[in-house]
Protein chains: 2
Amino acid sequence: MEHRMEQIKKQLHAQSYKLTPQREATVRVLLEREEDHLSAEEIYLLVKELAPEIGLATVYRTLELLSELKIVDKINFGDGVSRYDLRKEGAEHFHHHLVCIECGSVEEIVEDLLEDVEKIVESDWGFQVKDHRLTFHGLCKQCQKASVQTATS
Amino acid sequence: MEHRMEQIKKQLHAQSYKLTPQREATVRVLLEREEDHLSAEEIYLLVKELAPEIGLATVYRTLELLSELKIVDKINFGDGVSRYDLRKEGAEHFHHHLVCIECGSVEEIVEDLLEDVEKIVESDWGFQVKDHRLTFHGLCKQCQKASVQTATS
DNA sequence: GTTCATGCAAAGCTTTTGCATACAA
DNA sequence: TTGTATGCAAAAGCTTTGCATGAAC
């Protein structure tokens, strides 16, 4: 079994949860589609390909479990569905996102750009930061090009 | 009529929308509770005190309209409901939030702490930033004190 | 055999929509 | 009067829950 799956299995066992076939299939989908930001429904459909008998409720329960264990982060880009994002290995903080308001694409920023800002928040506001959510909304490279072309054509 | 309400009225008229009594009551609630982060349901209950005949659907429609005009920002702290936050006068960007994971309190940071980070995102990722969402999760001052007391008592 | 996990269906919530009515330019 | 806005109720999502069944130790 791959390194990452093995690691997650240990995390589950450490809290006396089992890595059932359904949970494994769900994690596998999340690993395979690590760059995406899948909704529960999308994950469900992909998991069904690996484990056709699985129910949507189990996917929700698994995702909730993985959230609690901080293996995945639940995120909401404002379109009414929750999306689930695997934490990068060893990452303490949730990574950042660039959401294009034109084409809807989502890019990830793994670098932590908020270290300085968090120091300011802790010293000036007395707030002890545990985690963060940072999303930029704007135009991705492609859509910037497209809008320049439209403007000049 | 107060300055801010008058201003919003003009913004509506500029797009040929009317400031109906229902919309005015909704805006009034948002102004009165500017520091809070009310859900549609909470806003509805407060608006009912000013305009008892109003329907929940109208509140939703008004909030959607105000969102489009960038008079309010819709935000989601992950508890399954959307919350609506009046933009500060003249603010270009949405302000930041400090959400306490212990007591659930939400504090606002009006200062824009992301100017440097946005420059990096634009230059290093080629992403043209239009707006952002930044929320810190952690312990507020009060809850930090409380947890120290608990630990030492 | 006891506990934990699953699948299915039903229920629960928030939010949106259809439609007839009321209002305003 | 012509289009916009509203209220109500129904519908439409997404997510959670109850419960009986099944698997694991």
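Convention: sequence-line order gives letters A, B, ...; per-chain numbering from 1.
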Does the side chain of A:E42 reach to within under 4.5 Å of the side chain of A:R83, using non-hydrogen atoms? yes
N/O (side chain, A:Y60) to phosphate O (OP1/OP2, D:dT16) under 4.0 Å: no
Criterion side-chain hydrogen bond (donor to acceptor under 3.5 Å, both in side chains) on B:H96 and B:E111, from CA distance to verdict: CA-CA 8 Å; B:H96 319 312; B:E111 286 83 349; over 6 Å; no
With under 30° as parallel and over 60° as perpendicular, where do the rings of B:F77 and B:H97 fit, or are they tilted in between? perpendicular
Just the rounded figure in Å: distance from P of C:dT16 to CG of B:L56. 10 Å
Here the distance between atom C1' of D:dA23 and atom CG of A:L19, to the nearest Å, is 15 Å
Which whole-number value in Å describes the distance from B:E41 CD to C:dC13 C1'? 10 Å
Specify the separation, in whole Å, of atom CG of B:L50 and atom C1' of D:dT6. 17 Å
D:dT15 OP1/OP2 closer than 4.0 Å to side-chain N/O of A:S82: yes
Does OP1 or OP2 of D:dA5 have a side-chain N or O of B:R23 closer than 4.0 Å? yes
Sugar-phosphate only, base, or nothing, as touched by A:E53 at under 4.0 Å among non-hydrogen atoms: sugar-phosphate
Spacing between A:L65 atom CG and C:dT6 atom C1', to the nearest angstrom: 14 Å
Tell me whether the side-chain N/O atoms of B:T20 come closer than 4.0 Å to OP1 or OP2 in D:dA5. no
Are the side chains of B:V72 and B:D85 in contact, using a 4.5 Å heavy-atom criterion? no
Rounded distance in Å - CZ (A:F77) to C1' (D:dC14): 17 Å
For D:dA23, does OP1 or OP2 lie under 4.0 Å from any side-chain N or O of A:Q22? no
To the nearest Å, how far apart are B:E64 CD and C:dT15 C1'? 10 Å
Verify, without hydrogens or angle tests, whether A:H95 (side chain) and A:K88 (backbone) share a donor-acceptor contact under 3.5 angstrom. no
Rounded to the nearest Å, what distance is computed from the CG atom of residue B:D79 to the P atom of nucleotide D:dC14? 18 Å
For B:R61 and for A:Y44, locate the closest nucleotide of DNA chain C by heavy-atom distance; then report the residue assigned to the nucleotide nearer the 5' terminus. A:Y44
